[in-house]
Amino acid sequence: MNAIAIKHNDEIIDLQTAEKLGFEGEQIHLDNSDDSLEVLRHSTAHLLAQAIKSLYPDAKFYVGPTVKEGFYYDFKTESEIGEGDLKKIEKQMLSFAKKKYEISKYEISMDEAKTKFKDDHLKLAVMERIPSDTVSIYKQGEFEDLCRGPHLPNIGLIRYFKLTKLSGAYLGGDSKNEMLTRIYGIAFADKESLKDHMTMLAEAAKRDHRKLGNEMKLFTFREEVGAGFPIWLPAGGRLRARLESLLFKAHRKRGYEPVRGPEMLRSDLWKTSGHYQNYGENMYFTNIDEVEFGVKPMNCVGHIKVYEDELHSYRDLPIKYFEYGVVHRHEFTGALHGLFRVREFTQDDAHIFCTAEQIEDQIIEVVDFVDKIMSTFEFDYKMMVSTKPEKAVGSDEVWDISTQALKNAMDKNSLPYEIDEGGGAFYGPKIDIKITDAIGREWQCGTIQLDFNLPERFALEYNGEDNDKIQPVMIHRAILGSFERFIGILTEHFAGEFPMFIAPTQVAIVPIADTHKEYAKELSDKLIDIGADSEIYSKNDSLNKRIRTAEKTRVPMLVIIGDEEVEGKTVAIRDRRTREQYNLSEEEFLSLIQTKINEVNF
RNA sequence: GCUGUCAUAGCUCAGUUGGCUAGAGCAGUUGAUUUGUAAUCAACAGGCCCGGGGUUCAAAUCCUCGUGACAGCACCA
C-alpha cells in the first residue's frame, strides 16, 4: 500500500510538501489511525467544497477543518440549502472522487492570494488571520482552495464518507458576525468502519434520555405549559425522591444544615448581588403593589439572608447551608435540550461561609464529596478551573487571590484540572465538574465557586478572636448541579437500566393467576416496609404478555408467584439479563432487596 | 436569539400531483379466557390534522404570522 503522507518531527506532512522540501519520515498509510483520518477527513472537506462549488457556483468558502466527530466546511451561498440537499451533494462528491483528480499544491505570496480571492470576502477574512507572507493553494481538477494542508495525493482515495448534519454557524464563532452554512461529515478508510460508526450513533440515539424518559414515563414536556418546563411523572418522581433522600443524608453527615429561601425576592436584593445588572434579561420579574420582585435564578441570596439572621463567631465557621433550590432562568429557545437545559430546575445547592484560612480544606472536602458521588455512578468526569470573565464584579486583586486559592487547593492535593480562561462566574472563579453523555458531549454538572464579592456586597461579617468584625468567604457549590440534568445523564449512562438503589421501581411482581394476587399484595407491602417500590402486573393478560410488559419497563428485578410460591412462601426470581430463574424464600428475597438498596452511601 | 428541518389519536407512524366519512400498530375500555417465564381472541372508544390569518369551488396538504420540537452555532450566574 502506498503512503498518503509522512510523519516528520511529529508533524503530518503530505507527499506534495515532503517531495518539494525533501523531507523523510515514517510513512502514514490510508487506514483508520488518527494521523491517516486527519488527512483523509481534511481532504474530504475539500471534496465537499468542490462539490458545493459546482452545485452552487456563487458559493464563498470560509474554513473546513477536521474536528473530533469528523469534519465540516463553513461557506455562504445565495441559494437556500436544506437537509434534503445533502444527498445531492454527496452524490456530486462521489462523482468527483471517481475522476481521481490529483491534489496538487503550490505556493503564492499573500498579495497574490489576496488578488486571486478578491471576490471572496470569506477567504479574505481567513487570510486576515494568517501572519505569514506566503500561503499555499491546493488544487484538484478545476477547484482550488487556500489551505495549509495536509492533504491526500489523490481524491480518488476518498470513498467511504457521509454528510451528517447541516446547520448555521457564525463567522469566526462570534454571534455579532454574519451566519454561514455549515455542513458536517465523517469519513473512514474502509466501508466497515463507516458502517460501525453509523451503528454506534444509532445505538447512542437509543439511549437518548428524551426518548427513554418518554418510554419509561419519567418526565414530559407540553407545548401548552411552555418550553423548558419539565413535568415529572410518577416513575421520575420516585427516582428523583430516592436521589434526594440519599443526598440529604450525605449532606447531614458532612455538617450541612437544610434551609430554604423564598422563590422570589425584591429586585433591590438582585441589584445588590449584581444579578440584576449581569443577568437581568434572563430573569423572570413580576410587579406586585408597585414593588418589583425577581424569581430567583440562584439560591445564594436566600442563604445570605439565613446567615444574616444571627451574629456569628469565628468559632462557628465553617457554616454550611444546603437546599434543593428551585431556580428559573430564561434560556434562549435554541439552547433548550430535554432535561439537560431547561428554564426551571432544582439545584442541590449549598453555600459554605468560612474564614480565608479554611478555604483550602473546604474546597478539598467538596472535591472529595464530588468524587464519592461520581465514582458511585461510575462516571468519568473532569475538572476545569475557570478564571475571571469579561462580565465581572470586584477588583483584580481579589480575583487573583481567589483564583490562586482554587489552584493551590487542587495542586497541593495533586488533583488534575484544565483551565477555562474567562469562564468564571461574575462574582468569582470556579471549578466545574464535567460529565460526558452517551454521544460524547460534555455537560457541566457540579460546580465549586469561590466568592469574595457577595460577602462584600452584602457586608457579611463574623466576630474574630479579638472581637473584631471580619468578612467571611463564601463557597457556592452544587454536586449534581441540577436534578434535571443529572437524571438525564444518569438515564443515558445506564441506558434506562437503573441500579436497584435508584430505580423508580425495585421489583415487578407477576402473579400467575388471580388466586395469587393476595400474596402479591402482601409482598408489595413488605417491600414498602423496607423502602422498596414494587408494581403488581395482574392485568387480564396472558402470563407471557405480563412478563414481557414488566421486562420492558427495565425494572431491575422480576418475581413470579404461583401456587408453589404461595404454598411455600417463596418467590421465583427471573434475571432480566440472562432470563435465568431461581427461587428464594420470602426472607431471603426481602433481605436481598434491602441489601441492594442500602449498598450505596454517598 | 441565529441557520436549517419538522409538527396527524396518550405513544410510534401512514395519508399520492390540493378532491368523498383522515388510517394502522401499541397503549386504553368492555367481554371471553385463568394462564409457570418476552405479545390469547374479539368488540368498542379515541382526532379543531399544533394555534391564528390567508389563497382556492375545495386545504392535514399551498402561503403567512405565532407556538413547540429536532440538528448545529452563539449563550449557560
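Chain letters run A, B, ... following the sequence lines, proteins first and then strands; every chain starts at 1. Please read these numbers as outputs of a predicted model, since none were measured by experiment. Heavy atoms only: backbone and side chains are in, while hydrogens, waters and symmetry mates are out.
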Is the distance between the ring centroids of A/F345 and A/H328 under 6.0 Å?
no
Check every atom of B/A69, B/A74, B/C76 against the side chain of A/R341 and return the nucleotide holding the closest atom.
B/C76
Could you check which of B/A77, B/U5, B/G68 has an atom nearest any side-chain atom of A/F426?
B/A77
Which pair of heavy atoms, one from A/R457 and one from A/K271, lies closest together, and at what distance?
NH1-O, 3.7 Å
Atom [atom1] of [X] and atom [atom2] of [N]: how far apart are they, to the nearest Å?
X: A/F221; N: B/G68; atom1: CZ; atom2: P; answer: 13 Å
X: A/L180; N: B/G4; atom1: CG; atom2: C1'; answer: 14 Å
X: A/K211; N: B/A71; atom1: NZ; atom2: P; answer: 14 Å

B/A22: pairing nucleotide in any strand, Watson-Crick or G-U under 3.5 angstrom
none
B/C50 -> Watson-Crick or G-U wobble partner, both distances under 3.5 Å, gives B/G66
Taking donor-acceptor contacts at under 3.5 Å, does the side chain of A/R329 reach the base of B/C75?
no
Per the atom types in the model, does the base of B/G72 pair as donor or acceptor with the side chain of A/Y170 at under 3.5 Å?
no
Please determine if a side-chain N or O atom of A/Y184 lies less than 4.0 Å away from the OP1 or OP2 oxygen of B/C73.
yes
Would you say that A/R343 contacts A/T333 through its side chain, given a criterion of any heavy-atom pair below 4.5 Å between the two side chains?
yes
For A/L584, the side chain to side chain contact (heavy atoms under 4.5 Å, CB included) test, sequence neighbours excluded, returns A/V571, A/I573, A/Y582, A/E588, A/F589, A/L592
Please collect all side-chain hydrogen bond (donor to acceptor under 3.5 Å, both in side chains) contacts where either partner lies in residues 230-239 of chain A, sequence neighbours excluded, each pair once.
A/R238-A/T505
Counting primed atoms plus P, OP1 and OP2 as sugar-phosphate and everything else as base, spell out the protein contacts along nucleotides 24-37 of chain B at 4.0 Å heavy-atom distance: B, S or - for each nucleotide, 5' to 3'.
---SS---BBBBBB
